[in-house]
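Since the structure comes first, as structure tokens, the remarks are kept for the end.
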Amino acid sequence: MNTERMTLPALVERKKTGRKITAVTAYDYSMARLLDDVDIDLVLVGDSVGMVSLGYDTTLPVTMDEMIHHTRAVRRGTGRALVVGDMPFMSYHVSDEETIRNAGRFIQEGGAEAVKLEGGQKFADRIRVVVDAGISVMGHIGLTPQSIHQFGGYRVQGKNYYDSRQIKKDALALQKAGVFSIVLEAIPAELAAEITSEVDIPTIGIGAGKECDGQILVLNDLLGLNQEFTPKFVKRYAELGEAVQGALRDYVDEVQTGAFPTAEHTYNLKRKPLREAGNQGSS
Ligand SMILES: Nc1nc(=O)c2c([nH]1)NC[C@@H]1CN(c3ccc(C(=O)N[C@@H](CCC(=O)O)C(=O)O)cc3)CN21
Ligand SMILES: CC(C)C(=O)C(=O)O
Ligand SMILES: [Mg+2]
């Protein structure tokens with residue numbers, strides 16, 4: 001187990017050393033504790049929490065208060081990995097002032113080391129303002145799920161030449177604005193490779209091929225806890241959904257048959273009950 005605490009400069013340094021960055025999302029304390037023990041570099045408290053844990057159809061309804069609540073929980077379970085808070089829809093869209101205040105909440109109340117927000121060139125000036133306030137920012141371009149209605153669905157981005165040039169410009173604008181890293185989501189591997197070789201900061205891919213400097217997946221997806229979600233980029237490293245249901249079926253069965261609980265899981269008095277010992281009424 002690696003007990004060395006990850007830092008933002010150490011993460012950025014990975015671009016040079018070539019050692020890949022490993023990242024996952026998490027939304028609660030117990031998962032954070034598990035991932036922190038196994039060398040994960042970065043944990044993103046994603047606004048995907050809205051879909052994964054809260055049951056919304058999109059990430060759009062997620063609020064700042066919900067994000068802070070989950071970020072605090074993840075922070076309490078995390079010692080080594082960097083904690084990054086994902087700014088929700090409308091928390092960085094209105095003004096520089098609101099953006100700084102909301103980004104600051106992730107750091108001050110949530111205990112995060114950095115924030116992430118979606119958008120390229122159009123958000124570069126706003127990102128610069130946050131970075132100048134002393135808050136580290138991670139970029140996110142390509143498929144930016146908060147723009148689902150503009151895209152008309154969760155579609156791979158940058159497939160035509162014009163779109164691919166815009167995404168490349170977005171990456172360069174984010175670098176100039178001072179982000180420490182960029183998430184590349186659902187774009188062709190060739191475009192991700194080109195961007196990765198032309199920026200000095202690490203790229204972290206999700207559905208963006210193997211040439212990125214790191215990879216991120218939604219924890220529930222890679223654990224097989226989200227069985228109905230099967231886009232091409234998700235690889236399941238476990239079938240925890242099946243494991244959970246198998247365990248629950250056994251539990252139901254044992255409670256019904258009386259096989260659980262046995263003496264092993266039962267408290268008993270050391271002496272015979274007072275009543276039987278002839279001590280009725282005294283206390
Ligand atoms: N559980 C979960 N995992 C995620 O990775 C994730 C979320 N939720 N919620 C927010 C966004 C939404 N994401 C998504 C959702 C669907 C596709 C999807 O259906 N992709 C199609 C590609 C369609 C095309 O060809 O353009 C696929 O079949 O891979 C991709 C990313 C990624 N993010
Ligand atoms: C998939 C990652 C990059 C994300 O933004 C999220 O989980 O919300
Ligand atoms: Mg997100």
Side-chain angles (χ1 to χ4, degrees), residues 21-28 31-32 35 40-64 66-67 70-71 74 82-93 102 106 112 114-120 123 137-160 163-164 167 174 179 181-189 191-192 202-209 212-237 240-241:
I21 294 166
T22 56
V24 294
T25 70
Y27 315 110
D28 67 26
M31 284 297 181
L35 72 88
I40 293 285
D41 299 312
L42 184 151
V43 50
L44 174 73
V45 186
D47 62 344
S48 52
V49 69
M51 298 173 75
V52 173
S53 301
L54 306 176
Y56 298 130
D57 287 337
T58 68
T59 57
L60 301 179
V62 177
T63 65
M64 269 303 298
E66 286 169 337
M67 289 307 305
H70 287 276
T71 304
V74 167
L82 282 169
V83 176
V84 178
D86 205 7
M87 296 192 74
F89 182 57
M90 287 310 291
S91 71
Y92 57 95
H93 303 68
N102 284 325
F106 275 100
V115 299
K116 177 173 83 57
L117 59 86
E118 297 179 7
F123 277 89
V137 177
M138 178 178 235
H140 181 170
I141 55 178
L143 197 183
T144 45
Q146 292 170 15
S147 303
I148 179 173
H149 298 313
Q150 285 183 313
F151 295 144
Y154 295 123
R155 304 267 155 71
V156 175
Q157 300 296 306
K159 288 212 277 196
N160 66 54
D163 289 350
S164 76
I167 293 172
L174 290 181
V179 302
S181 174
I182 306 175
V183 169
L184 301 177
E185 178 163 351
I187 61 172
L191 174 58
T203 59
I204 301 187
I206 171 165
C212 298
D213 299 303
Q215 297 290 326
I216 184 164
L217 279 176
V218 167
L219 187 60
N220 298 56
D221 298 346
L222 81 87
L223 295 179
L225 278 168
N226 201 13
Q227 293 155 311
E228 63 283 2
F229 187 74
T230 55
K232 189 172 163 71
F233 65 83
V234 170
K235 178 173 176 181
R236 285 197 218 160
Y237 287 86
L240 291 199

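Since this is a predicted model, take the numbers as computed values, not measurements. Order of appearance sets the numbers: ligands from 1, and atoms from 1 within every ligand.
- Within the 3.5 Å criterion, the main-chain N or O of Ile182 finds no donor-acceptor partner in the side chain of Thr203.
- The CD1 atom of Ile148 lies 9.0 Å from the CZ atom of Arg155; values are rounded to the nearest 0.5 Å.
- The side chain of Pro145, and not its backbone, has at least one atom closer than 4.0 Å to an atom of ligand 1 (non-hydrogen atoms only; side chain from C-beta on).
- Considering all non-hydrogen atoms of both residues, Thr25 and Val43 come closest at C-CG2, 4.2 Å.
- Atoms of ligand 1 lying under 4.0 Å from at least one heavy atom of Val156, given by number and element, are 24 (C), 25 (O), 26 (O).
- In this structure a side-chain-to-backbone donor-acceptor pair under 3.5 Å is present from Glu118 to Gln146.
- The nearest protein atom to atom 6 (C) of ligand 1, hydrogens excluded, is given as Phe229 CZ, 4.0 Å; this is a heavy-atom distance.
- When atom types are taken as modelled, the side chain of Asn102 and the backbone of Ser91 share a donor-acceptor pair closer than 3.5 angstrom.
- Each of the atoms 1 (N) of ligand 1 lies under 4.0 Å from some heavy atom of Asn226.
- Remark: side-chain polar atoms of Thr59 are not paired, donor with acceptor, to backbone N or O of Ser48 under 3.5 angstrom.
- Nearest protein neighbour of atom 17 (C) of ligand 1, counting heavy atoms only, is Tyr154 CB, 3.7 Å.
- Close contacts between ligand 1 and Val218 involve ligand atoms 1 (N), 2 (C), 3 (N), 4 (C), 5 (O) [criterion: under 4.0 Å to a heavy atom].
- When all heavy atoms are compared, the tightest approach of Val62 to Asp47 is CG2-O, 3.6 Å.
- Crowding of Asp57 atom CG: a count of heavy atoms from other residues, nucleotides or ligands under 6.0 Å not exceeding 12.
- At under 3.5 Å, not a single nitrogen or oxygen of Met51, backbone or side chain, sits near a nitrogen or oxygen of ligand 1.
- Close to ligand 1: Ile206, with a non-hydrogen atom less than 4.0 angstrom away.
- Near Val52, with a cut-off below 4.0 Å to any heavy atom, the atoms of ligand 1 are 1 (N).
- At least one N or O atom of Lys232 sits closer than 3.5 Å to an N or O atom of ligand 1.
- Closest approach between the Mg ion (ligand 3) and any N/O/S atom of Asp47 involves OD1.
- Proximity of a side-chain donor or acceptor of His70 to a complementary backbone N or O of Tyr27 within less than 3.5 Å is detected.
- Close approach of ligand 1 to Glu185 (heavy-atom distance below 4.0 Å) involves ligand atoms 11 (C), 13 (N), 32 (C), 33 (N).
- Between the side chain of Asp41 and the backbone N or O of Ala23, no donor-acceptor pair lies under 3.5 Å.
- If you look at Asp86 and ask which of its N, O or S atoms sits nearest the Mg ion (ligand 3), the answer is OD2.
- Although no hydrogens or angles enter the test, the distance criterion places no donor-acceptor pair under 3.5 Å between the side chain of Gln227 and the main chain of Leu225.
- Under 4.0 angstrom from ligand 1, the non-hydrogen atoms of Leu143 all belong to its side chain.
- The residue among Thr144, Asp221, Leu217 with a heavy atom at the shortest distance from atom 2 (C) of ligand 1 is Asp221.
- What sits closest to atom 7 (C) of ligand 1 on the protein, heavy atoms only, is Ser48 CB, 4.1 Å.
- The protein residues lying under 4.0 angstrom from ligand 2, judged by non-hydrogen atoms, are Thr25, Leu44, Gly46, Asp47, Ser48, Asp86, Lys116, His140, Val183, Ile206, Val218.
- Ranking protein heavy atoms by distance to atom 5 (O) of ligand 1, first place goes to Phe233 CZ, 3.4 Å.
- A side-chain donor-acceptor contact under 3.5 Å links Gln215 to the backbone of Gly209.
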